[in-house]
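First comes the structure, then the notes that go with it.
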Amino acid sequence: MTLTWREGLRCPSGGSTLDAKRWTVGEVAALTGVSVRTLHHYDEIGLLRPAERSDGNYRLYTPGDLARLRRVLTWRALGVPLAEVAGVLDAPPDLEREALRAHAGRLREDLRRAEHTLREVQARLKALEDGAEETIMTNEDVKTVFDGFDPTQYEAEARERWGETEAYRQSAARTARYSKADWARIRAEMDGITAEYVELMDAGVPPTDARAQAVAARHRAHISGAYYDASAQMMRGLAQMWVADERFTRNIDRARAGLAAYQSAAVTAWADAQDG
């Protein structure tokens with residue numbers, strides 16, 4: 001969006017007050033960066049219908065129309081599907097404010113996580129530039145890299161439940177060799193997968209959709225590459241655990257409320273497809 005709302009709200013035809021100004025569809029497109037075709041589409045679906053028409057029946061946008069356009073672009077930038085934007089805009093102001101506060105909270109959490117990952121990347125770069133040797137991480141180091149979530153807190157339980165399995169032995173052998181840089185890489189990779197799930201969920205894409213299935217396949221590849229060779233059956237078991245164990249649900253939902261259920265459904269659908 002390229003509109004400078006303070007400087008751009010001027011009409012070539014003049015006018016003594018802002019309320020008197022009107023803009024043609026071409027002028028609005030030039031000011032905002034929203035294409036004429038998109039503006040026409042917004043008009044056709046009733047999302048943004050210009051309040052006036054010229055003597056030649058051309059669309060004329062008022063300051064109120066541009067204010068609504070700005071709200072449309074705000075909600076689209078937040079990932080709200082176009083079909084739902086009108087309902088948000090036409091809801092009572094209190095409901096829109098609450099929705100915006102919720103989105104702002106999620107954006108702040110996304111920013112905090114991004115800043116955490118950036119610090120890890122910068123620390124790794126500095127270590128490489130200084131020629132520092134890699135060291136095997138302690139449990140506290142792992143907790144730091146994973147932003148407060150300590151996967152080792154379930155180690156005793158995991159050993160009791162799966163200690164005799166090949167997957168547990170394989171995971172234990174791999175993770176014992178990981179350095180801080182390895183864990184940072186694994187965390188960044190999982191953050192990327194999480195971001196893909198969140199984007200699809202926010203866009204209203206069903207977990208059974210091919211796009212969600214592709215993310216589930218990458219999720220399985222991530223687990224197989226970092227921990228143990230995960231079969232479809234094992235992925236189905238993990239998916240059930242994400243929603244059955246509130247500890248895992250709570251941790252996954254830190255990225256977005258409802259994410260554990262969404263990615264569980266996506267992975268379960270992916271696993272079912274492998275059995276078919």
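All heavy atoms count here, side chains included; hydrogens, waters and symmetry mates do not. For clarity, every value in this text was computed on a predicted model and none was experimentally measured.
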With a 4.5 Å limit on heavy-atom distance, are the side chains of P206 and D209 in contact?
yes

Do NZ/NE/NH1/NH2 and the carboxylate oxygens of D65 and R22 come within less than 4.0 Å?
no

Side-chain contact test, heavy atoms from C-beta onward, threshold under 4.5 Å: evaluate it for L200 versus Q263 and give yes or no.
no

Donor-acceptor check, side chain of E27 to backbone of T24, threshold 3.5 angstrom: yes or no?
yes

With side chains defined as the heavy atoms from C-beta onward, is the minimum distance between R59 and V28 less than 4.5 Å?
no

Please check if V36 and V72 belong to a single hydrophobic cluster, counting links between Ile, Leu, Val, Met, Phe, Trp and Tyr side chain heavy atoms closer than 4.5 Å.
yes

V205-M201 co-clustered via ILVMFWY side chain contacts under 4.5 Å:
yes

Keeping the roles fixed (side chain from R68, backbone from G64), state whether a donor-acceptor pair exists under 3.5 Å.
no

Any side-chain heavy-atom pair of V25 and D43 under 4.5 Å:
no

Closest approach of A29 to S35 (non-hydrogen atoms, all atoms of both residues):
CB-C, 4.3 Å

So which heavy atom on S264 is nearest to which on A239, and how close?
OG-O, 2.7 Å

Considering only NZ, NE, NH1 and NH2 on the basic side and carboxylate oxygens on the acidic side, decide whether D94 and R101 come within less than 4.0 Å.
no

Could you check if a side-chain atom of R220 sits within less than 4.5 angstrom of a side-chain atom of V267, using non-hydrogen atoms only?
no

Would you say L47 and Y61 are hydrophobically clustered, going by side-chain heavy atoms of ILVMFWY under 4.5 Å?
yes

Nearest-0.5 Å distance that lies between atom CD in E189 and atom OG1 in T194:
11.0 Å

Is the closest side-chain heavy-atom distance between R236 and D272 below 4.5 Å?
yes

Answer whether the closest heavy-atom distance between the side chains of W270 and V215 falls below 4.5 Å.
no

Rounding to 0.5 Å, atoms CG (D253) and CH2 (W242) come to a distance of 12.5 Å

V243 versus T249, closest heavy-atom pair with distance:
CA-OG1, 3.5 Å

Which pair of non-hydrogen atoms, one from A212 and one from P207, has the smallest distance, and what is that distance?
CB-O, 3.3 Å

Once rounded to the nearest 0.5 Å, what's the spacing between atom OG1 of T32 and atom CG of L73?
7.0 Å

E96 side chain near W75 side chain, heavy-atom distance below 4.5 Å
yes

same_hphob_cluster(M241, Y197) at 4.5 Å side-chain heavy-atom cutoff:
yes

Nearest heavy-atom neighbours spanning I193 and H222
CD1-CB, 3.6 Å

Within the supplied structure, the quantity of interest is the number of heavy atoms (other residues, nucleotides, ligands) at a distance under 6.0 Å from R53 CZ; does it exceed 12?
yes

Roughly how far apart are L69 CG and Y42 OH, rounded to 0.5 Å?
7.0 Å

To the nearest 0.5 angstrom, please state how far the CZ atom of R71 sits from the CG atom of L66.
13.5 Å

For E52, I'd like to know if atom CD has over 12 heavy atoms of other residues, nucleotides or ligands within 6.0 Å.
yes

How many angstroms lie between atom CE of M235 and atom CD of Q274, to the nearest 0.5 angstrom?
10.0 Å

Are I186 and M234 linked, directly or through intermediate hydrophobic residues, by side-chain heavy-atom contacts shorter than 4.5 Å (ILVMFWY only)?
yes

Testing the basics here: between D202 and P81, what is the closest heavy-atom pair and its distance to 0.1 Å?
O-CD, 3.9 Å

